[in-house]
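In what follows, a structure is listed as structure tokens, so that the remarks can point back to it.
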Amino acid sequence: MTADLDCPYCGETVALPLDPDQPATTLIEDCPVCCRPIQVCINIDASGAPAISAAYREDE
Ligand SMILES: [Zn+2]
């Protein structure tokens, strides 16, 4: 199970692996294109549809 995420730095689409056992989580994923850390908030609703939001890390 993956979700598409747009990197906030370079704009590339990144395939993000999702863990259905963690329906609400925040993690840091390094962009495979520009290698910068993306803060990702994931919320998977009751129907299994993921809502993904990406943000810059403020401490970078
Ligand atoms: Zn990137």
Side-chain angles (χ1 to χ4, degrees):
M1 185 179 184
T2 61
D4 287 340
L5 172 72
D6 290 333
C7 174
Y9 302 97
C10 70
E12 286 291 328
T13 300
V14 177
L16 181 74
L18 297 181
D19 183 355
D21 293 331
Q22 297 204 326
T25 190
T26 300
L27 55 83
I28 303 297
E29 183 78 11
D30 287 342
C31 176
V33 179
C34 67
C35 298
R36 282 178 279 193
I38 310 166
Q39 181 173 300
V40 187
C41 295
I42 302 167
N43 283 287
I44 304 173
D45 71 16
S47 65
I52 309 294
S53 64
Y56 297 84
R57 280 191 66 184
E58 292 178 359
D59 60 351
E60 267 288 304

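Keep in mind it's a predicted model, so treat the numbers as computed, not measured. In each ligand, atom 1 is the first atom listed, and ligand 1 is the first ligand listed.
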Using every non-hydrogen atom in the two residues, find where Arg57 and Tyr9 come nearest and quote the distance to one decimal. N-OH, 3.3 Å

Shortest non-hydrogen contact between Pro17 and Thr2, atoms and distance: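 Closest heavy-atom pair between Pro17 and Thr2: CA-CG2, 4.0 Å.
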
Compile the donor-acceptor pairs under 3.5 Å between side chains in residues 41-56 and protein atoms, sequence neighbours left out, one pair per line.
unit_1	atom_1	unit_2	atom_2	d
Asp45	OD1	Ser47	N	2.9
Asp45	OD1	Ser47	OG	2.7
Asp45	OD1	Gly48	N	3.1
Asp45	OD1	Ala49	N	3.0
Tyr56	OH	Pro8	O	2.7

Could you tell me if the side chain of Ile38 sits less than 4.5 Å from the side chain of Asp30, heavy atoms only?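 No, their side chains stay 4.5 Å or more apart.
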
Every N, O or S from the protein that is nearer than 2.8 Å to the Zn ion (ligand 1): Cys7 SG, Cys10 SG, Cys31 SG, Cys34 SG

Can you name the side-chain hydrogen bond (donor to acceptor under 3.5 Å, both in side chains) partners of Thr13, sequence neighbours left out?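 If we apply the side-chain hydrogen bond (donor to acceptor under 3.5 Å, both in side chains) test to Thr13, skipping adjacent residues, the hits are Asp6.
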
Go through the structure and list residues passing side-chain hydrogen bond (donor to acceptor under 3.5 Å, both in side chains) with Asp4, not counting sequence neighbours.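 With neighbours one apart ignored, the set is empty.
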
